Amino acid sequence: MDGNGRWAAERGLPRIKGHEAGAEAVKACVKACGELGVKYLTLYAFSTENWKRPREETEALMALLEKFLREKTDEMREKDIRLTAIGRLGDLPHSCRVELERSIAATSNNKRITLVFALSYSGRAELVDAIRLLATKVKNGQLDPDEITEEIVHQHLYTNRWPDPDLLIRTSGEMRVSNFLLWQISYTELHVTKKLWPDFTEIDLIEAVRDFNSRIRRYGAI
Ligand code: FPP
């Protein structure tokens, strides 16, 4: 969800105002995904690298996330949205983790759409965590290294319960993957839009899905 800072700068506002507008765009995007029949939506809300930002900004982002969870959990429960999260969630402030765990538990039986927040997430950190789990199993004699397959790696990722993404949308025109779901996006279609995240609307989502529908996916075959 890139471009919040630039959105604010264009208006002469502090960066946090861009993040607030970004949180509004999250609400609109989840609603639009529900209407379009998207089953899984993963939002890259905070990377492991984002902790390098000034403390004022990281604290404001955590407060925004907490506010979102407090205000939206009941609605998610009613609208059959299952909320979950990936990343090094232990890095989050205690009050944020409590709110997150509450929302996850409150929506755990929901089925219509799975909304995944990537928080203190990076694809490399996820791979490191998976490798540690695998190495521990090998060390304890629970796993033979020759048995490690792509499927076994998949089972040790944070995302082991879900299919790989079909479509990755990157806002603000950046042509980078930025450490997002590195293993999972091997065959994901990429859609880059110049729109800054707070300006990303249902129309932009429909355009991205249309673009996706025009692709021929060969998965390395002919
Ligand atoms: C990247 O834009 C955005 C973030 C690091 C934070 C994303 C957070 C939100 C959209 C709001 C809170 C989230 C939830 C789930 C309620 P940037 O700050 O790097 O923008 P820039 O590249 O223009 O500076």
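We count ligands from 1, going down the list as the structure has it; atoms in each ligand are counted the same way. Because the structure is predicted, anything quoted here is derived from the model rather than measured. One is the number of the first residue; the rest follow in order along the sequence.
Looking at Arg88 and Asp91, no side-chain N of the basic residue comes within less than 4.0 Å of a carboxylate O on the acidic one, giving no salt bridge. Using a 4.0 Å cut-off between a side-chain N of Lys or Arg and a carboxylate O of Asp or Glu, Glu57 and Arg53 qualify as a salt bridge. A salt bridge links Glu174 and Arg6; the closest N-O separation between the charged side-chain nitrogens and carboxylate oxygens is under 4.0 Å. Using a 4.0 Å cut-off between charged side-chain N and carboxylate O, Arg102 and Glu99 make a salt bridge. With salt bridges taken as basic N to acidic carboxylate O contacts below 4.0 Å, one links Arg170 and Asp2.
Looking at Phe68, Tyr158, Phe46, Tyr44 one by one, the single match for ring-ring contact (aromatic ring centres under 6.0 Å, His included) with Phe117 turns out to be Phe68.
For ligand 1, the protein residues placed under 4.0 Å by at least one non-hydrogen atom are Met1, Asp2, Gly3, Asn4, Gly5, Arg6, Arg15, His19, Gly22, Ala23, Ala45, Asn50, Arg53, Leu61, Phe68, Phe117, Trp197.
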